[in-house]
There are 2 protein chains.
Amino acid sequence: MPRAQVPNVVIRRLPLYLQTLERIAETGQQVVSSTELGNQIGVSSAQIRKDLSYFGEFGRQGLGYDVENLRNQLKRILQLDQVWHILLVGAGALGHALANYRAFEEQNFAIVAVLDNDEAKIGQPIGDLTVQPMTSMERAVRDNHVEIGILAVPARAAQSVADNLIATGIRSILCYAPITLSVPEHVHVAYIDPVTTLQTMTYYL
Amino acid sequence: MPRAQVPNVVIRRLPLYLQTLERIAETGQQVVSSTELGNQIGVSSAQIRKDLSYFGEFGRQGLGYDVENLRNQLKRILQLDQVWHILLVGAGALGHALANYRAFEEQNFAIVAVLDNDEAKIGQPIGDLTVQPMTSMERAVRDNHVEIGILAVPARAAQSVADNLIATGIRSILCYAPITLSVPEHVHVAYIDPVTTLQTMTYYL
DNA sequence: GTGTGTGAAACTGTTCACAGCT
DNA sequence: AGCTGTGAACAGTTTCACACAC
């Protein structure tokens with residue numbers, strides 16, 4: 001069980017490999033070398049080989065990697081060979097964009113419920129769903145086997161919503177608010193905020 | 001000029017420090033220690049002191065850091081003491097969410113024009129602006145002194161739009177499409193994609 | 001006592017370079 | 001010849017621990 005000793009950065013690169021393999025597969029190409037894959041992603045060939053070596057030997061010396069096989073292996077490693085259920089909190093402009101983002105379902109992520117605390121939004125349609133009140137959180141998580149929460153709420157509300165999500169048993173949170181959440185050890189949080197990202201880019205301008 | 005030798009990871013943490021200082025400043029607190037700041041962000045105090053030491057000595061031994069001063073220093077370091085002009089490409093659901101996201105202007109980022117290639121969207125209002133055709137790109141960049149481009153277009157269009165942006169002289173691109181762009185050395189690209197992020201989270205579930 | 005700034009040490013991650021297979 | 005898998009060398013990052021200042 002290699003799990004624990006795989007560096008975090010390696011895990012973050014695997015989805016890029018997977019994405020690129022899927023684009024390559026669409027062209028009908030069946031075999032790819034670490035050099036070719038690396039060139040498309042901007043990563044060295046050694047890095048790709050080393051990263052993959054944490055999980056097994058997927059290539060053939062002298063040839064390269066079978067595109068379809070490596071794609072399946074990566075999906076298995078990242079546990080992407082199943083559907084994951086997501087609860088979206090926040091039905092503002094961002095929530096609507098997320099609820100209508102087709103890439104989720106294409107990649108086996110299903111938003112199964114949307115919550116908001118704004119009376120005016122509750123009951124309104126969003127994507128294929130209907131906005132529910134925050135009080136429905138626990139039931140929505142339980143009934144739909146939700147594993148992941150997406151926070152599309154204002155920064156001031158994020159921590160308290162996160163606390164509620166964690167109380168229902170959720171262990172993975174994707175947070176769009178520009179605030180560092182304080183969570184127990186066993187909960188994973190990832191952050192997406194364009195302002196934070198832009199603030200690093202201006203340094204280099 | 002310390003610039004070149006400052007590690008990338010350090011730059012990525014500075015906006016977190018800044019955000020947290022701004023929240024602390026709102027409470028009226030005037031002095032903060034590296035320990036307290038670190039606790040709020042989930043970073044060690046040594047890391048904060050080391051990071052800041054790349055740029056100067058901002059603290060007072062035995063006391064800590066003056067919140068307002070450190071905030072200003074960070075803004076200066078990240079070049080956030082000026083307004084940056086952004087061109088947004090893509091007026092779909094995501095483009096609308098971005099155009100209406102108040103945090104941009106609050107943090108000195110101004111979206112000055114929005115483009116789309118869809119005839120049905122051109123001329124429509126978006127935020128305080130009007131969607132313009134892609135042919136307006138060069139003029140929009142020149143007339144508004146645009147320094148940053150945001151790509152909110154489908155993956156298949158992203159590379160070609162990026163090429164056009166770069167041709168107008170833009171050197172910073174924030175890309176929402178799940179594809180690694182191929183760009184010249186001098187262009188900085190940052191990526192934001194929820195699916196890619198979720199695909200790393202499932203590994204740990 | 002409290003807390004910064006910083007070299008040195010420890011640790012983590014990346015690249016090199018080559019044996020071995022096709 | 002072309003390419004993988006990998007130990008070893010190298011580079012980058014974080015933590016430690018302490019002199020110094022309040």
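A note on names: the letters A, B, ... follow the listed sequences, proteins ahead of strands, and every chain is numbered from 1.
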From C-beta outward on E57(A), which listed nucleotide comes closest to its side chain: dC16(D), dT6(D), dT4(C)?
dT6(D)
Stepwise side chain to side chain contact (heavy atoms under 4.5 Å, CB included) check, N72(A) with R76(A)
CA-CA 6 Å; N72(A) 288 333; R76(A) 180 183 52 76; over 6 Å; no
In this structure, how many angstroms lie between the P atom of dT14(C) and the CG atom of L52(A), rounded?
13 Å
How many whole angstroms separate atom CZ of F55(B) from atom P of dT4(C)?
18 Å
Round to a whole Å and report the spacing from CG of L37(A) to C1' of dT4(D).
13 Å
Under a plain distance cut-off of 3.5 Å, with no hydrogens placed, do Q19(A) and T196(B) share a side-chain donor-acceptor pair?
yes
Give a yes/no answer on whether the side chain of R13(A) brings an N or O atom under 4.0 Å of OP1 or OP2 in dT14(C).
yes
If I take atom CD1 in residue I48(B) and atom P in nucleotide dT6(C), what distance separates them, rounded to the nearest angstrom?
16 Å
So, does S44(B) get its side chain near the phosphate of dT15(D), meaning an N or O under 4.0 Å from OP1 or OP2?
yes
Exercise: identify the closest heavy-atom pair between Q29(B) and V67(B)
O-CG2, 3.6 Å
To the nearest angstrom, how far is L63(A) atom CG from dG20(C) atom C1'?
14 Å
Once you round it to whole Å, what is the distance between C1' of dC3(D) and CD of Q47(A)?
18 Å
First of S45(B) and K50(A) reached from the 5' end of DNA chain C, by closest nucleotide
S45(B)
Of all the choices, dT6(D), dT13(D), dT14(C), which nucleotide is nearest to the side chain of S53(A) once you look at every atom?
dT6(D)
For R49(A) and dG7(D), give me the distance from atom CZ to atom P, rounded to whole Å.
14 Å
Check every strand shown and say whether S34(B) touches a base, only sugar-phosphate, or nothing at a heavy-atom separation below 4.0 Å.
sugar-phosphate
Separation between OH of Y204(A) and CD of Q79(B), rounded to the nearest 0.5 Å:
11.5 Å
Nearest to the side chain of V9(A) - dT14(C), dT6(C), dG5(D)?
dT14(C)
Among the nucleotides dC21(C), dG13(C), dG5(D), which one has an atom lying closest to any side-chain atom of Q61(A)?
dC21(C)
When the nearest nucleotide of DNA chain D is assigned to G62(A) and to G59(A) on a heavy-atom basis, which residue is associated with the more 5' position?
G62(A)
Looking at Y65(B), I'd like to know whether one of its side-chain N or O atoms comes within less than 4.0 Å of OP1 or OP2 on dG5(C).
yes
How would you label the contact of R60(A) with the nucleic acid (heavy atoms, under 4.0 Å): base, sugar-phosphate, or nothing?
sugar-phosphate
List in chain and number order the residues that pass side-chain hydrogen bond (donor to acceptor under 3.5 Å, both in side chains) with N144(B), two or more places apart in sequence or in another chain; answer none if no residue qualifies.
none
What is the distance from CG of N8(A) to P of dT14(C), rounded to the nearest Å?
11 Å
